[in-house]
S.K.: 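Below are the structure tokens for one structure; questions will follow.
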2 protein chains.
Amino acid sequence: MSSCDTCVVRNRAICAGLDNQEIAALNVMGRRRAVAAGEPLIWEDDDSLLVANVIDGVLKLVTSTEDGREQIVGVAYPSDFIGRPFGQTSRASVVALTDARVCVFARNDFDRFAREHPELEHKLLERTLAELDRTRSWMMLLGRKTAPEKIATFLLEMSERLDDTGCTPKVGAARRFSLPFSRQQVADVLGLTIETVSRQFTKLKNDGVIELPSRREVEIIDRGALVSIAG
Amino acid sequence: MSSCDTCVVRNRAICAGLDNQEIAALNVMGRRRAVAAGEPLIWEDDDSLLVANVIDGVLKLVTSTEDGREQIVGVAYPSDFIGRPFGQTSRASVVALTDARVCVFARNDFDRFAREHPELEHKLLERTLAELDRTRSWMMLLGRKTAPEKIATFLLEMSERLDDTGCTPKVGAARRFSLPFSRQQVADVLGLTIETVSRQFTKLKNDGVIELPSRREVEIIDRGALVSIAG
DNA sequence: GTTCAGCCTTGACCAAGGTCAAATCGGTTT
DNA sequence: AAACCGATTTGACCTTGGTCAAGGCTGAAC
């Protein structure tokens with residue numbers, strides 16, 4: 001029995017829709033790997049040697065300047081695809097934010113397999129197009145939104161992606177969730193400093209819009225206010 | 001004789017590599033269209049009804065907030081593909097910056113054709129992955145770079161994309177070029193205001209890094225300085 | 001239970017870049 | 001040549017968010 005048979009993201013990842021024979025072939029090429037929180041999986045500007053599906057956990061895609069400034073350019077959740085197929089180098093590092101499990105493939109093998117399986121390439125294309133849409137709307141946030149707008153938008157997006165109630169499949173947005181990000185990482189997503197993030201969080205709490213039961217925990221009290229701040 | 005036969009981007013656009021029969025089929029589906037400078041081709045949040053290849057000219061992809069702030073999230077040059085295949089809505093408007101010619105397809109027809117021609121989908125995937133890389137490095141610029149760094153990075157990118165010397169195929173970066181952007185549009189690309197853009201241009205001129213022979217014209221005098229400012 | 005280290009919050013201050021207003025420039029029309 | 005108009009530049013001023021420097025929490029280790 002292949003590990004794909006027991007894969008929890010089997011029907012949501014790009015593997016969905018492949019027939020048994022194809023899954024078997026993929027299964028031979030790939031292997032599961034655990035990545036501890038904080039551990040990198042792919043390095044910026046390195047040769048692109050591997051690609052992967054996220055099984056569980058959350059990972060960040062990050063680019064840095066020489067003088068150490070960081071910008072998180074993407075976040076990968078379970079069933080997301082990471083890495084740069086059909087290209088020589090990766091232009092972002094991939095680092096686990098939480099303990100994560102991924103299903104990794106050598107890029108060469110994956111590229112070859114993908115070219116032979118149009119259905120897989122199609123899935124990858126759809127995912128890449130959706131990611132491009134999401135990335136572009138994040139550009140609007142980075143270029144044109146104020147700090148309060150950025151924070152509100154971020155919290156709303158998180159509440160759609162995460163859910164602490166254990167309710168699966170998710171029904172809309174979560175009221176309460178646990179951030180996979182430290183304050184610094186929130187700052188790196190939004191193009192702000194850690195102090196500004198902290199001050200905006202505190203302000204939302206004081207205004208009764210959110211509760212902060214612990215450092216990573218967020219509870220949305222007044223979603224309407226958040227939507228209106230997000231602009 | 002099909003218009004593809006005389007198409008100047010025939011070997012660079014996603015049509016490259018298709019056989020004669022495929023080109024003939026595409027040719028039946030598509031039609032050429034002129035878009036005047038300033039004229040929109042696709043509207044944000046509209047149903048995604050068409051996709052296109054750029055034949056010549058430059059177009060911007062732009063998203064706006066309700067209160068009128070704009071962010072240019074992409075720029076399309078000849079041979080680039082625009083529009084949102086395999087999706088119900090477009091998340092950015094596409095507007096011509098210069099007079100442009102495009103080769104448009106009804107999205108439905110294009111989607112169907114693409115699914116039947118894996119080689120075409122592969123080309124589209126490669127292009128989309130490259131665009132995602134470019135978009136992500138622009139996120140770093142928007143989130144983490146200062147105004148002088150943004151302007152310098154922008155001018156260097158423009159000098160690689162544009163060339164007034166008429167030298168084709170291009171040999172490296174142009175020393176002198178004509179911006180397809182107004183000052184306001186430069187501001188909308190970089191997440192700045194028109195005044196800041198103007199001041200930074202003037203400063204670079206006063207420092208002897210660039211010349212500004214006319215409003216749209218730029219000549220790079222000291223590329224090294226520009227690279228060092230870009231960081 | 002104490003200690004410790006790392007993360008987070010808060011305050012005082014500062015500067016980059018935004019805002020508002022006016023002047024200037026470059027083309028075009030008359 | 002004069003008038004005009006939109007785009008750009010420039011100047012004065014101000015706000016947002018960054019910087020720097022203490023403190024305060026919190027959870028893990030002992």
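The shown structure was predicted, so the numbers you read here are calculated from the model rather than taken from an experiment. By convention in this document, chain letters (A, B, ...) are assigned in the order of the sequence lines, proteins followed by strands, and residues within each chain are numbered from 1. Values below: every heavy atom of this structure, side chains too, minus hydrogens, waters and symmetry copies.
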S.K.: If you find the nucleotide of DNA chain C closest to Pro148(B) and the one closest to Ser198(A), which residue's nucleotide is nearer the 5' end?
M.R.: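 Looking at the nearest nucleotide for each, Ser198(A) comes out on the 5' side.
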S.K.: Specify the residue among Leu212(B) and Thr146(A) whose closest nucleotide of DNA chain D lies further upstream toward the 5′ end.
M.R.: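 Nearest-nucleotide comparison on DNA chain D picks Leu212(B).
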S.K.: The side chain of Glu195(B) lies closest to which of these nucleotides: dG17(D), dC20(D), dT10(D)?
M.R.: dT10(D)
S.K.: Starting at atom CD of Gln200(B), determine the distance to atom C1' of dG17(C), rounded to an integer number of angstrom.
M.R.: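 One finds 9 Å between C1' of dG17(C) and CD of Gln200(B), rounded.
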S.K.: Rounded to whole angstroms, how far apart are CZ on Phe201(B) and C1' on dT10(D)?
M.R.: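 Going from Phe201(B) (CZ) to dT10(D) (C1'), I get 16 Å.
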S.K.: So which nucleotide from dT19(D), dT9(C), dT9(D) ends up closest to the side chain of Arg199(A)?
M.R.: dT19(D)
S.K.: What are the two closest heavy atoms between Asp99(A) and Ala37(A), and how far apart are they?
M.R.: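 In this case the closest contact between Asp99(A) and Ala37(A) is OD1-N, 2.8 Å.
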S.K.: Less than 4.0 angstrom between a side-chain N/O of Thr196(A) and OP1 or OP2 of dG18(D), yes or no?
M.R.: yes
S.K.: Identify which nucleotide among dT9(D), dT9(C), dG18(D) has an atom closest to any side-chain atom of Leu192(A), counting heavy atoms from C-beta outward.
M.R.: dG18(D)
S.K.: Under a 4.0 Å threshold between the charged nitrogen and the carboxylate oxygen, would Lys205(A) count as salt-bridged to Asp207(A)?
M.R.: no
S.K.: Rounding to a whole Å, what distance do you find between Leu190(A):CG and dT16(D):P?
M.R.: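 Rounded to whole Å, this separation is 18 Å.
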S.K.: What is the separation between atom CZ on Arg183(B) and atom C1' on dT24(C), rounded to the nearest whole Å?
M.R.: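 Nearest whole value for this atom pair: 14 Å.
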S.K.: Taking the side chain of Arg215(B) as heavy atoms from C-beta outward, which of dT10(D), dT8(D), dG18(C) is closest to it?
M.R.: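 Closest nucleotide among those given: dT8(D).
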S.K.: Heavy-atom count around Arg32(A) CZ within 6.0 Å, excluding the residue itself: above 12?
M.R.: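 Yes.
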S.K.: Picking from dC8(C), dT10(D), dT10(C), which would you name as closest to the side chain of Ile194(A)?
M.R.: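 Among dC8(C), dT10(D), dT10(C), the one nearest the side chain of Ile194(A) is dC8(C).
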S.K.: Could you tell me how far apart Lys145(B) (NZ) and dA16(C) (P) are, to the nearest whole angstrom?
M.R.: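 Computing the Lys145(B):NZ to dA16(C):P distance gives 18 Å.
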S.K.: Please give, in whole Å, the distance from dG11(D) P to Lys203(B) NZ?
M.R.: 15 Å
S.K.: In whole Å, what is the span from the CD atom of Gln185(B) to the P atom of dA7(D)?
M.R.: 10 Å
S.K.: Is the shortest distance from a Lys or Arg side-chain nitrogen in Arg84(A) or Asp133(B) to a carboxylate oxygen in the other one below 4.0 Å?
M.R.: yes
S.K.: Base, sugar-phosphate or nothing for Ser214(B)? Non-hydrogen atoms, less than 4.0 Å.
M.R.: nothing
S.K.: Nearest to the Thr193(A) side chain among dT19(D), dT10(D), dC8(C), which nucleotide is it?
M.R.: dT19(D)
S.K.: Could you go through the salt bridge (charged side-chain N to carboxylate O under 4.0 Å, His left out) check for Glu149(B) and Arg69(A) one step at a time?
M.R.: CA-CA 13 Å; Glu149(B) 289 171 335; Arg69(A) 283 173 284 177; 2.8 Å; yes
S.K.: Using whole Å, report how far CZ of Arg144(A) lies from C1' of dG18(C).
M.R.: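 For the pair Arg144(A) CZ and dG18(C) C1', the rounded distance is 11 Å.
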